[in-house]
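Inspection log for the structure reproduced underneath, given as structure tokens.
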Amino acid sequence: LQLLAGSLSPEEIAAAGRANRVTADIPLAQQLDAIVRWALDADNALQRGNFWQALNLLQRMREQLLAVFARTHGGRPYHAFDALATAALQRKLGATLHPFDLAAALTALLALIDLIEHDIDGFTGGQVRLSAEQRAVLAHIRRAAEISE
């Protein structure tokens with residue numbers, strides 16, 4: 001509010017923003033590692049009945065996927081995805097949204113895993129792929145989730 005009501009010019013505000021911009025120095029492979037780790041954590045939270053913890057982790061996964069998309073396609077996460085993602089990719093990410101219950105959250109987790117396994121190229125522009133270890137973790141989560149259904 002001080003910026004809006006203060007005496008800084010729009011150019012000074014923009015310059016301050018550029019000077020304090022955080023760069024995306026984290027390699028794409030590490031960003032993908034984080035998504036897979038959160039999938040495992042979300043599965044554990046769901047198995048324990050911790051809906052809100054799982055909800056938070058699912059949202060982190062979606063946010064990171066949008067960040068990776070923006071990084072590999074240019075722009076800001078939501079803006080880039082709205083403007084550049086295919087309708088099919090947008091529908092698949094939309095399928096990861098869920099209502100308030102554990103079964104729906106589990107469905108959302110499985111949809112996110114499917115999206116990561118089959119459509120990561122759409123988010124990364126083909127710049128990074130799942131490793132064998134990451135695929136094994138996701139397969140383990142899928143098997144465990146299918147058993148608990």
Side-chain angles (χ1 to χ4, degrees), residues 3 10-11 13-149:
L3 289 176
E11 293 79 21
I13 293 170
R18 285 189 299 275
N20 291 302
R21 181 174 287 163
V22 177
T23 58
D25 292 338
I26 300 171
L28 286 171
Q30 285 183 353
Q31 288 180 290
L32 191 54
D33 278 341
I35 294 168
V36 172
R37 185 179 64 250
W38 291 331
L40 183 60
D41 291 346
D43 179 55
N44 288 333
L46 288 169
Q47 288 181 35
R48 293 181 179 122
N50 297 332
F51 175 81
W52 292 105
Q53 183 180 359
L55 182 67
N56 175 53
L57 290 160
L58 294 171
Q59 183 57 30
R60 282 184 183 183
M61 292 170 71
R62 283 188 287 271
E63 292 282 338
Q64 191 73 0
L65 283 169
L66 289 172
V68 166
F69 184 89
R71 183 169 170 194
T72 58
H73 290 79
R76 295 180 293 180
Y78 292 100
H79 298 87
F81 200 71
D82 277 336
L84 303 172
T86 64
L89 197 57
Q90 289 190 26
R91 275 192 307 279
K92 286 182 178 185
L93 187 61
T96 71
L97 300 172
H98 48 82
F100 178 75
D101 69 31
L102 289 173
L106 180 59
T107 300
L109 173 61
L110 291 172
L112 275 164
I113 289 171
D114 187 62
L115 186 63
I116 295 163
E117 287 176 330
H118 302 289
D119 297 289
I120 197 65
D121 283 351
F123 285 93
T124 68
Q127 294 182 36
V128 65
R129 303 218 193 276
L130 285 169
S131 67
E133 293 84 5
Q134 291 169 329
R135 286 191 179 280
V137 169
L138 294 174
H140 170 78
I141 295 168
R142 183 182 302 286
R143 283 190 303 275
E146 289 168 353
I147 290 169
S148 67
E149 284 184 313

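None of the values given here were measured: they were computed from a predicted structure.
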Contact summary for A39 and L109, nearest pair of heavy atoms:
O-CD1, 3.9 Å
Dump the intermediate steps for side chain to side chain contact (heavy atoms under 4.5 Å, CB included) on R62 and L97, then the final yes or no.
CA-CA 9 Å; R62 283 188 287 271; L97 300 172; 3.7 Å; yes
Report the residues that fulfil side-chain contact (heavy atoms from CB on, under 4.5 Å) with D119, sequence neighbours left out, ordered by chain and then residue number.
L89, K92, L115
Kindly compute the distance separating CD1 (I116) from CZ (R135), expressed to the nearest 0.5 Å.
10.5 Å
Any non-hydrogen side-chain atom of Q127 less than 4.5 Å from a side-chain atom of R71?
no
Measure the CG-OG1 distance between L28 and T124 for me, rounded to the nearest 0.5 Å.
7.0 Å
L112 and L65: side chain to side chain contact (heavy atoms under 4.5 Å, CB included), yes or no, with the steps?
CA-CA 10 Å; L112 275 164; L65 283 169; 3.9 Å; yes
With a 4.5 Å limit on heavy-atom distance, are the side chains of W38 and E63 in contact?
no
Not counting sequence neighbours, list each pair that qualifies as a salt bridge (Lys or Arg N to Asp or Glu O under 4.0 Å) and has a residue in residues 41-58.
none
For R142, which residues count as a side-chain hydrogen bond (donor to acceptor under 3.5 Å, both in side chains) partner, sequence neighbours excluded?
E117
If you measure from CZ on F51 to CG on L58, what distance do you get to the nearest 0.5 Å?
8.5 Å
Closest non-hydrogen contact found for L46 with A105 is CD2-CB, 3.6 Å
How close do H73 and G125 get, heavy atom to heavy atom, and via which atoms?
CE1-N, 3.7 Å
Closest non-hydrogen contact found for A54 with A42 is CB-O, 4.1 Å
To the nearest 0.5 angstrom, please state how far the CG atom of D33 sits from the CZ atom of R37.
7.5 Å
If you take all heavy atoms of W52 and L55, which pair is closest and at what distance?
CZ3-CD2, 3.2 Å
Please identify each residue that fulfils side-chain contact (heavy atoms from CB on, under 4.5 Å) with R76, with sequence neighbours left out.
H79
Tell me, which pairs form a ring pair (Phe, Tyr, Trp, His ring centres under 6.0 Å) where one or both residues lie in residues 118-142, sequence neighbours left out?
F81-F123
Closest non-hydrogen atom pair, G75 against A70
O-CB, 3.3 Å
Atom pair CZ/CD1 of R60 and I35 - distance to nearest 0.5 Å
12.5 Å
side-chain contact (heavy atoms from CB on, under 4.5 Å) partners for V36, two or more places apart
L130, Q134, V137, L138
CG on L40 to CD1 on I141, rounded to 0.5 Å:
4.5 Å
Exam field: side chain Q64 to backbone A34, donor-acceptor pair closer than 3.5 Å
no
